Amino acid sequence: MSQAILAKSVTKTFGTGPLAFQALKGVDFHMHEGELVMLAGPSGSGKTTLLSILGCVLGATSGKVTLFGEEITGLPESAMPKLRLSYIGFVFQGHNLISSLTAEENVSFQLQLRGFGLKESRNEALRLLERVGLGDKAERKPEELSGGQRQRVAIARAVAGAPPLILADEPTASLDAKSGLSVTEMLRELAKERGHTVLVVTHDSRIFHLADRLVHMEDGQFVEMSS
Ligand SMILES: Nc1ncnc2c1ncn2[C@@H]1O[C@H](COP(=O)(O)OP(=O)(O)O)[C@@H](O)[C@H]1O
Ligand SMILES: [Mg+2]
(Lines give C-alpha, C1' and ligand atoms only; values in the text may rest on other atoms or scores of the structure.)
(Ligands and ions follow the chains in the order given, each with its own letter.)
Protein backbone atom coordinates (compact mmCIF):
# COMPACT_ATOMS: atom_id res chain seq x y z
CA MET A 1 0.00 0.00 0.00
CA SER A 2 1.19 3.51 -0.70
CA GLN A 3 1.80 6.04 1.99
CA ALA A 4 -0.84 8.78 2.33
CA ILE A 5 0.72 10.59 5.28
CA LEU A 6 4.26 10.49 6.55
CA ALA A 7 5.12 12.77 9.47
CA LYS A 8 8.59 12.69 11.03
CA SER A 9 9.67 14.46 14.23
CA VAL A 10 7.02 17.14 13.82
CA THR A 11 7.03 19.91 16.40
CA LYS A 12 4.83 22.96 16.76
CA THR A 13 5.56 25.86 19.07
CA PHE A 14 3.01 28.62 19.53
CA GLY A 15 4.32 32.04 20.54
CA THR A 16 7.89 33.06 21.32
CA GLY A 17 10.12 33.81 24.29
CA PRO A 18 8.77 33.13 27.78
CA LEU A 19 5.26 32.69 26.37
CA ALA A 20 6.30 29.98 23.91
CA PHE A 21 4.29 26.79 24.21
CA GLN A 22 5.26 23.54 22.51
CA ALA A 23 2.00 21.86 21.47
CA LEU A 24 3.68 19.09 19.45
CA LYS A 25 6.88 17.57 20.80
CA GLY A 26 8.21 15.41 18.00
CA VAL A 27 5.40 13.47 16.39
CA ASP A 28 6.01 10.46 14.14
CA PHE A 29 2.92 9.29 12.31
CA HIS A 30 1.97 7.58 9.10
CA MET A 31 -1.17 6.49 7.30
CA HIS A 32 -1.64 4.17 4.35
CA GLU A 33 -3.88 5.12 1.46
CA GLY A 34 -7.46 4.08 2.11
CA GLU A 35 -6.99 3.66 5.85
CA LEU A 36 -9.43 5.06 8.43
CA VAL A 37 -7.56 6.02 11.59
CA MET A 38 -9.04 7.49 14.76
CA LEU A 39 -6.94 9.75 16.96
CA ALA A 40 -7.93 10.02 20.62
CA GLY A 41 -6.39 11.84 23.55
CA PRO A 42 -7.19 14.33 26.31
CA SER A 43 -8.16 17.90 25.58
CA GLY A 44 -5.06 20.00 24.96
CA SER A 45 -2.91 17.06 23.89
CA GLY A 46 -2.30 18.53 20.41
CA LYS A 47 -4.82 16.67 18.26
CA THR A 48 -6.27 19.72 16.50
CA THR A 49 -2.78 21.17 16.05
CA LEU A 50 -1.62 17.99 14.32
CA LEU A 51 -4.76 17.87 12.17
CA SER A 52 -4.22 21.51 11.17
CA ILE A 53 -0.64 20.79 10.10
CA LEU A 54 -1.68 17.72 8.10
CA GLY A 55 -4.52 19.79 6.63
CA CYS A 56 -2.15 22.52 5.40
CA VAL A 57 -3.78 25.10 7.67
CA LEU A 58 -0.81 25.54 10.01
CA GLY A 59 2.89 25.20 9.32
CA ALA A 60 5.04 22.93 11.51
CA THR A 61 7.87 24.52 13.51
CA SER A 62 10.22 21.66 12.62
CA GLY A 63 10.08 18.16 11.22
CA LYS A 64 8.88 16.80 7.92
CA VAL A 65 5.39 16.08 6.58
CA THR A 66 4.74 14.34 3.29
CA LEU A 67 1.25 13.96 1.78
CA PHE A 68 0.90 11.43 -1.04
CA GLY A 69 4.59 11.70 -1.77
CA GLU A 70 4.69 15.50 -1.80
CA GLU A 71 6.60 17.21 0.98
CA ILE A 72 4.47 20.05 2.40
CA THR A 73 6.86 21.29 5.08
CA GLY A 74 9.10 24.10 3.98
CA LEU A 75 6.67 25.33 1.34
CA PRO A 76 5.69 29.00 1.50
CA GLU A 77 2.36 29.86 3.16
CA SER A 78 1.09 31.01 -0.24
CA ALA A 79 1.21 27.38 -1.40
CA MET A 80 -1.18 26.21 1.35
CA PRO A 81 -4.59 27.04 -0.16
CA LYS A 82 -3.81 25.13 -3.32
CA LEU A 83 -2.57 22.12 -1.33
CA ARG A 84 -5.76 22.17 0.76
CA LEU A 85 -7.90 22.24 -2.36
CA SER A 86 -6.10 19.37 -4.02
CA TYR A 87 -5.63 17.06 -1.04
CA ILE A 88 -7.97 17.82 1.83
CA GLY A 89 -11.64 17.62 2.77
CA PHE A 90 -12.49 18.84 6.28
CA VAL A 91 -15.29 17.89 8.65
CA PHE A 92 -15.49 19.91 11.88
CA GLN A 93 -17.27 19.49 15.21
CA GLY A 94 -19.58 22.35 14.36
CA HIS A 95 -20.58 21.54 10.81
CA ASN A 96 -19.37 24.95 9.52
CA LEU A 97 -21.97 25.00 6.75
CA ILE A 98 -22.84 28.37 5.25
CA SER A 99 -26.17 29.23 6.87
CA SER A 100 -27.58 31.25 3.98
CA LEU A 101 -27.03 28.43 1.48
CA THR A 102 -29.09 25.27 1.03
CA ALA A 103 -27.57 21.83 1.54
CA GLU A 104 -27.11 21.47 -2.21
CA GLU A 105 -25.50 24.92 -2.51
CA ASN A 106 -23.13 24.21 0.38
CA VAL A 107 -21.85 21.12 -1.43
CA SER A 108 -21.88 22.57 -4.94
CA PHE A 109 -20.02 25.69 -3.77
CA GLN A 110 -17.19 23.43 -2.60
CA LEU A 111 -17.18 21.69 -5.97
CA GLN A 112 -16.95 25.03 -7.76
CA LEU A 113 -13.96 25.93 -5.57
CA ARG A 114 -12.41 22.68 -6.73
CA GLY A 115 -12.85 23.74 -10.32
CA PHE A 116 -16.11 22.11 -11.39
CA GLY A 117 -18.56 24.02 -13.57
CA LEU A 118 -21.90 25.21 -12.18
CA LYS A 119 -24.14 22.56 -13.69
CA GLU A 120 -21.73 19.73 -13.02
CA SER A 121 -21.35 20.94 -9.42
CA ARG A 122 -25.11 20.91 -8.88
CA ASN A 123 -25.54 17.43 -10.30
CA GLU A 124 -22.66 16.03 -8.31
CA ALA A 125 -23.88 17.79 -5.13
CA LEU A 126 -27.32 16.20 -5.54
CA ARG A 127 -25.77 12.81 -6.17
CA LEU A 128 -23.64 13.09 -3.01
CA LEU A 129 -26.60 14.26 -0.91
CA GLU A 130 -28.58 11.24 -2.12
CA ARG A 131 -25.64 9.06 -1.19
CA VAL A 132 -25.66 10.36 2.39
CA GLY A 133 -29.42 9.86 2.60
CA LEU A 134 -30.47 13.47 2.14
CA GLY A 135 -31.80 13.42 -1.41
CA ASP A 136 -35.09 14.93 -0.23
CA LYS A 137 -33.40 17.63 1.90
CA ALA A 138 -31.25 19.24 -0.79
CA GLU A 139 -33.21 22.51 -0.73
CA ARG A 140 -33.10 22.86 3.06
CA LYS A 141 -30.94 25.42 4.81
CA PRO A 142 -28.71 24.19 7.67
CA GLU A 143 -31.10 25.54 10.34
CA GLU A 144 -33.87 23.39 8.88
CA LEU A 145 -31.84 20.21 9.37
CA SER A 146 -31.07 18.12 12.47
CA GLY A 147 -27.53 17.96 13.85
CA GLY A 148 -26.96 14.55 12.30
CA GLN A 149 -28.30 15.71 8.92
CA ARG A 150 -26.01 18.75 8.98
CA GLN A 151 -23.01 16.53 9.64
CA ARG A 152 -24.07 14.39 6.66
CA VAL A 153 -24.08 17.53 4.51
CA ALA A 154 -20.65 18.38 5.94
CA ILE A 155 -19.44 14.90 4.97
CA ALA A 156 -20.84 15.25 1.45
CA ARG A 157 -19.05 18.60 1.19
CA ALA A 158 -15.78 17.16 2.51
CA VAL A 159 -15.69 14.36 -0.07
CA ALA A 160 -16.97 16.56 -2.92
CA GLY A 161 -14.46 16.64 -5.73
CA ALA A 162 -12.75 13.56 -4.26
CA PRO A 163 -9.85 15.02 -2.24
CA PRO A 164 -7.74 12.00 -1.25
CA LEU A 165 -7.50 12.89 2.46
CA ILE A 166 -10.48 13.56 4.74
CA LEU A 167 -9.70 15.14 8.11
CA ALA A 168 -12.45 15.20 10.72
CA ASP A 169 -12.09 17.02 14.07
CA GLU A 170 -14.51 15.59 16.64
CA PRO A 171 -17.28 15.25 14.04
CA THR A 172 -19.71 13.57 16.45
CA ALA A 173 -19.09 15.78 19.49
CA SER A 174 -22.33 17.71 19.13
CA LEU A 175 -24.46 14.67 18.23
CA ASP A 176 -26.38 12.18 20.32
CA ALA A 177 -25.02 8.61 20.43
CA LYS A 178 -27.27 7.21 17.73
CA SER A 179 -26.71 9.91 15.12
CA GLY A 180 -23.00 10.08 16.01
CA LEU A 181 -22.69 6.42 15.18
CA SER A 182 -24.72 6.58 11.99
CA VAL A 183 -22.85 9.66 10.72
CA THR A 184 -19.52 7.89 11.31
CA GLU A 185 -20.80 4.74 9.62
CA MET A 186 -21.75 6.91 6.65
CA LEU A 187 -18.30 8.50 6.57
CA ARG A 188 -16.65 5.09 6.70
CA GLU A 189 -18.84 3.60 3.96
CA LEU A 190 -18.32 6.53 1.64
CA ALA A 191 -14.58 6.59 2.26
CA LYS A 192 -14.14 2.85 1.67
CA GLU A 193 -16.27 2.98 -1.47
CA ARG A 194 -14.36 5.93 -2.92
CA GLY A 195 -10.88 5.19 -1.58
CA HIS A 196 -10.46 8.23 0.64
CA THR A 197 -7.90 8.13 3.45
CA VAL A 198 -9.60 9.35 6.65
CA LEU A 199 -8.26 10.66 9.95
CA VAL A 200 -10.88 11.26 12.64
CA VAL A 201 -10.05 13.02 15.91
CA THR A 202 -12.52 11.82 18.50
CA HIS A 203 -13.15 11.23 22.20
CA ASP A 204 -16.15 9.14 21.32
CA SER A 205 -15.40 5.54 22.32
CA ARG A 206 -18.75 4.46 20.87
CA ILE A 207 -17.34 4.89 17.35
CA PHE A 208 -13.85 3.42 17.92
CA HIS A 209 -14.88 0.06 16.44
CA LEU A 210 -15.30 1.76 13.04
CA ALA A 211 -11.57 2.55 12.86
CA ASP A 212 -9.01 0.41 11.05
CA ARG A 213 -6.54 1.64 13.66
CA LEU A 214 -6.79 3.67 16.84
CA VAL A 215 -3.94 5.93 17.96
CA HIS A 216 -3.50 8.01 21.08
CA MET A 217 -1.88 11.35 21.87
CA GLU A 218 -0.91 12.79 25.21
CA ASP A 219 0.94 15.99 25.93
CA GLY A 220 2.04 16.64 22.36
CA GLN A 221 3.19 13.10 21.60
CA PHE A 222 1.87 9.76 20.46
CA VAL A 223 1.63 7.14 23.20
CA GLU A 224 1.17 3.38 23.15
CA MET A 225 -2.28 2.27 24.20
CA SER A 226 -2.41 -0.15 27.11
CA SER A 227 -4.94 -2.76 26.09
N1 LIG B 1 -2.96 29.37 18.31
C2 LIG B 1 -2.51 28.93 19.51
N3 LIG B 1 -1.76 29.73 20.29
C4 LIG B 1 -1.27 29.30 21.49
N5 LIG B 1 -1.50 28.07 21.98
C6 LIG B 1 -2.25 27.24 21.26
C7 LIG B 1 -2.80 27.61 19.98
N8 LIG B 1 -3.51 26.56 19.48
C9 LIG B 1 -3.40 25.60 20.41
N10 LIG B 1 -2.65 25.98 21.45
C11 LIG B 1 -2.31 25.16 22.65
O12 LIG B 1 -1.74 23.94 22.20
C13 LIG B 1 -2.20 22.86 22.98
C14 LIG B 1 -2.82 21.80 22.08
O15 LIG B 1 -4.04 22.33 21.55
P16 LIG B 1 -4.96 21.49 20.57
O17 LIG B 1 -4.14 20.96 19.45
O18 LIG B 1 -6.11 22.34 20.22
O19 LIG B 1 -5.41 20.28 21.51
P20 LIG B 1 -6.60 19.23 21.36
O21 LIG B 1 -7.20 19.37 20.01
O22 LIG B 1 -5.96 17.90 21.61
O23 LIG B 1 -7.57 19.58 22.47
C24 LIG B 1 -3.16 23.43 24.00
O25 LIG B 1 -2.47 23.61 25.23
C26 LIG B 1 -3.55 24.74 23.41
O27 LIG B 1 -3.88 25.68 24.42
MG1 LIG C 1 -9.13 19.82 19.41
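A quick note: this is a predicted structure, and the numbers were derived from the prediction, not measured. Start at 1 and go down the list; that is how both ligands and their atoms are numbered.
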Any idea which heavy atoms bring Gly46 and Leu24 closest together, and the distance?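 For Gly46 versus Leu24, the nearest heavy atoms are O-CD2, 3.6 Å.
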
Within a 6.0 Å radius of atom [atom1] on [X], are there more than 12 heavy atoms belonging to other residues, nucleotides or ligands?
| X | atom1 | result |
| --- | --- | --- |
| Lys192 | NZ | yes |
| Asp219 | CG | no |
| Arg114 | CZ | yes |

Name the closest protein heavy atom to [atom], giving the residue it belongs to and the distance to 0.1 Å.
| atom | result |
| --- | --- |
| atom 4 (C) of ligand 1 | Phe14 CB, 3.3 Å |
| atom 15 (O) of ligand 1 | Thr49 OG1, 3.8 Å |
| atom 22 (O) of ligand 1 | Lys47 NZ, 2.8 Å |

Check each atom of ligand 1 against the heavy atoms of Pro42 and keep those under 4.0 Å away; list them by number with element.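 Answer, ordered by atom number: 22 (O).
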
So if I count the atoms of ligand 1 from 1 in the order they appear, which ones are less than 4.0 Å from some heavy atom of Ser43?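 Checking each atom against Ser43, I get 23 (O).
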
Let me check your reading of the structure: within less than 2.8 Å of the Mg ion (ligand 2), is there an N/O/S atom from Thr48?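 Within the cut-off used here (under 2.8 Å), Thr48 does place an N, O or S atom near the Mg ion (ligand 2).
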
So, is Phe21 polar-close to ligand 1, with some N/O to N/O distance under 3.5 Å?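 Min N/O separation from ligand 1 is not below 3.5 Å for Phe21.
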
Mind checking whether Ala23 has an N or O less than 3.5 Å away from an N or O of ligand 1?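 Among all N and O atoms of Ala23, none is under 3.5 Å from an N or O of ligand 1.
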
Answer with yes or no whether [X] contacts ligand 1, where contact means a heavy atom under 4.0 Å from a ligand atom.
| X | result |
| --- | --- |
| Ser52 | no |
| Gly46 | yes |
| Gly44 | yes |

Side-chain donor-acceptor pair present, Thr61, Thr11, cut-off under 3.5 Å: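 Judged by distance alone, the side chains do not pair up.
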
Using the six-membered ring wherever Trp is involved, compare the ring planes of Phe90 and Phe92 and label them parallel, tilted or perpendicular (cut-offs 30° and 60°).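 If you compare the ring of Phe90 with that of Phe92, the planes turn out parallel.
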
Atom 18 (O) of ligand 1 touched by protein (heavy atom, under 4.0 Å):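 Yes, there is one.
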
Does the protein put any heavy atom within less than 4.0 Å of atom 9 (C) of ligand 1?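 Yes, there is one.
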
Residues Arg127 and Glu124 bridged, charged N to O under 4.0 Å: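 Result for this pair is yes, salt bridge flagged.
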
Working to the nearest 0.5 Å, report the span between CG of Leu83 and CD1 of Ile72.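 Those atoms lie 6.5 Å apart.
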
For the CZ atom of Arg206 and the CG atom of Asp176, what is their distance to the nearest 0.5 Å?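 Between Arg206 CZ and Asp176 CG, I get 8.0 Å after rounding to 0.5 Å.
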
